[in-house]
Amino acid sequence: MKTAGALGVYSMSVVTALTAQNTAGVQGIHPVPADFVRAQVEAVLSDIGCDCVKTGMLPSADIIRAVVECLAKRPAVRLVVDPVMVATSGDVLVGGDTLGALRELLLPRADVITPNLPEAKALLGWEEDITDLEGMKRAATALFELGPKAVLVKGGHVAGGRLAVDVLFDGERLHELEAGWVDTRNTHGTGCTLASGIAAELAKGRPLVAAVSAAKGYLTEALKSSAWLQLGQGKHGPLNHFYGTTSWGTSRESPRARFRPSDLAVYAVSDSRMNARWGRSNVEAMRAAIEGGATILQLREKDIGTGDFVKEAQEVVALAREAGVPLVINDRIDVALAVGADGVHIGQSDMPLRLARALLGPDRIIGISTKTPEQARKALEDGADYLGSGGVFPTNTKENNVTIGIKGLLEVCESTPLPVVAIGGIKTTNAAEVLSAAKANTKGPDGVAIVSGVFDQPDVAKATKDLETIVNSALSKRQDLLTVT
Ligand SMILES: Cc1ncc(COP(=O)(O)OP(=O)(O)O)c(N)n1
Ligand SMILES: Cc1ncsc1CCOP(=O)(O)O
Ligand SMILES: [Mg+2]
């Protein structure tokens, strides 16, 4: 029902069994009497009616017969059968007569069935496991002979590598439906979610192949958005079905929900050595950067004790809150948590993003340094909110930093839907060049992150203001270009 709701479809339920279950497994199943299943089906179909039915666990032959009888009177109602009968452990959950009723009565009525590999094997009565794509194709065509209009064999990791492949046979063609593999422990309910997504899309009138493809796309995004969830003691946690409506499971007023690409326009990254050279504290310098129009701040401290870092960060958080400017902490998740900063910026060799997300939860902003499209792809998969890409030009501020140039920056921008901020050697003299380098109608950086151009200056507020003027002019010109073009 969550899936249908997330896909904009009204749904009703018929309970076929009460289960005691959690992320650790199924502790008990209490089947509902078949006559009561029939009564529930008639209650909803005779009143509101429906465009498509999706069946999940049908624990007895009598219940299967009841469902089939009710649907026999409604030939126009589409039917998706998710033959839930094999536990994650591989144990077949249903007895022989139920399997027989499923095979002989329900499958021939189905528009599409969606077995996973163990379920396909059990329905076919095969001895051998299905372990590869060829096996999946054979199973799909063999299951088609049992009467469904189409068969989707869900392959999971069978293709290995970075792909999750399912095989759909529609009676004429074998379709291989691929999606990027999502590394996550939170896979509880993926089968039911996919089948429900197909039913919702069929109910909306989509043709079968498009419905399956759309449902698969929805499931992949739900898996991605749930990857950081740490819910339950079991091996597999739940999905976040409503990722598209509550900005990835974040609370609406959270820093992450508020975060916009435009926040990256004038990104001031502090440096206490530079500020010390000019006789000012980081706190004073950050206050001046805010006054000069910085749209986001980063407190970047490399040579400081944790206690002093926390104290300084507490003062800067207070300033940033008052000004309504997001503040992220460089590298240190612990400090960000300790002071309630809006998020962190991490590099490729800092705390892995997934762990940072698990520690920070869904409401904080996480930016990550990226030099290549591959790093950008991984960042998206791991739940980053923005990318810091560079060094665009050579810089003395970060030792041994590899310069990627404007070309490298644009390759990263083009490779990702995430907002990108350019960093490295950026000054008032070249900021406009960086922001207007992207060709018309292609994705360029959303802003510039600057250290020495702001903080190794006699007047931080003026330096920031000068930058802000240049950045706003460059970004507005690009906006015009996009609009006109
Ligand atoms: C906005 C932004 N982009 C990149 C960096 C570099 O971060 P990182 O790779 O972690 O290197 P250090 O800053 O830790 O030296 C950044 N800090 N901010
Ligand atoms: C932190 C960081 N990451 C890539 S370059 C850089 C330093 C940028 O400093 P500056 O703006 O002074 O060149
Ligand atoms: Mg770092």
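Order of appearance sets the numbers: ligands from 1, and atoms from 1 within every ligand.
Within the listing of ligand 1, atoms 1 (C) sit less than 4.0 angstrom from a heavy atom of Val421. Using a 4.0 Å cut-off to heavy atoms of Ser452, the atoms of ligand 2 that qualify are 10 (P), 11 (O), 12 (O). The contact set between ligand 1 and Tyr267, taken as ligand atoms under 4.0 Å from a residue heavy atom, comprises 1 (C). Numbered from 1 in the order shown, with element, the atoms of ligand 2 that lie under 4.0 Å from a heavy atom of Arg300 read 1 (C). Residue contact check: Asp350 has heavy atoms under 4.0 Å from atoms 10 (O) of ligand 1. In summary, the atoms of ligand 1 found under 4.0 Å from a heavy atom of Gly388, numbered by their order in the structure, are 3 (N). Proximity to Asp331 (heavy-atom distance under 4.0 Å) selects the following atoms of ligand 1: 10 (O), 14 (O). In summary, the atoms of ligand 1 found under 4.0 Å from a heavy atom of Ile346, numbered by their order in the structure, are 10 (O).
By the criterion of a heavy-atom distance under 4.0 Å, both the backbone and the side chain of Val451 are placed next to ligand 2.
When each of Lys216, Lys154, Lys137 is paired with Asp166, the salt bridge (Lys or Arg N to Asp or Glu O under 4.0 Å) condition holds for Lys216 and for no other.
Put simply, the side chain of Val153 does not reach to within 4.5 Å of the side chain of Thr114, judged on heavy atoms. Residues Ile450 and Tyr267 are not in side-chain contact: their nearest non-hydrogen atoms beyond the backbone lie 4.5 Å or more apart. For the pair Ile333 and Leu360, the minimum side-chain heavy-atom distance is below 4.5 Å. Two residues are said to be in side-chain contact when any heavy atoms from C-beta on lie closer than 4.5 Å; Cys192 and Lys54 meet this criterion.
Between Asn330 and ligand 1, a contact under 3.5 Å exists for at least one N or O pair. Not one N or O of Lys427 is nearer than 3.5 Å to an N or O of ligand 2, by distance alone.
Residue, atom and distance of the protein heavy atom nearest to atom 11 (O) of ligand 1 are Lys398 NZ, 3.0 Å. The nearest protein atom to atom 16 (C) of ligand 1, hydrogens excluded, is given as His345 CD2, 3.3 Å; this is a heavy-atom distance. Of the protein's non-hydrogen atoms, the one nearest atom 3 (N) of ligand 2 is Lys398 CD, 3.6 Å. Among all non-hydrogen protein atoms, the one lying nearest atom 2 (C) of ligand 2 is Ile423 CD1, 3.6 Å.
By heavy-atom distance, the residue among Arg300, Gln298, Glu301, Lys302 lying nearest atom 14 (O) of ligand 1 is Lys302. When the heavy-atom distances from atom 7 (O) of ligand 1 to Ser369, Gly367, Gly347 are ranked, the shortest goes to Ser369.
Around the Mg ion (ligand 3), the angle linking Asp350 (OD2) with Asp331 (OD1) is 80°, rounded to 10 degrees.
If you look at Phe169 and His175, their ring centroids are not closer than 6.0 Å.
Under the 3.5 Å distance criterion, with hydrogens and angles disregarded, a donor-acceptor pair is assigned to the side chains of His236 and Thr187. A donor atom on one side chain and an acceptor atom on the other are not found under 3.5 Å apart for Arg364 and Ser254.
When all heavy atoms are compared, the tightest approach of Leu387 to Ala376 is CD1-CB, 3.6 Å. Considering all non-hydrogen atoms of both residues, Ile346 and Pro352 come closest at CD1-C, 4.4 Å.
Residue contacts with ligand 2 include Gly425, since one or more of its heavy atoms lies under 4.0 Å from the ligand.
Contact check on Lys311 versus Glu315 returns a salt bridge, with a Lys/Arg side-chain nitrogen under 4.0 Å from an Asp/Glu carboxylate oxygen.
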Report task. Take Leu174 and Met136, measure what side-chain contact (heavy atoms from CB on, under 4.5 Å) needs, and give me the verdict at the end. Result -> CA-CA 10 Å; Leu174 276 165; Met136 290 172 64; over 6 Å; no

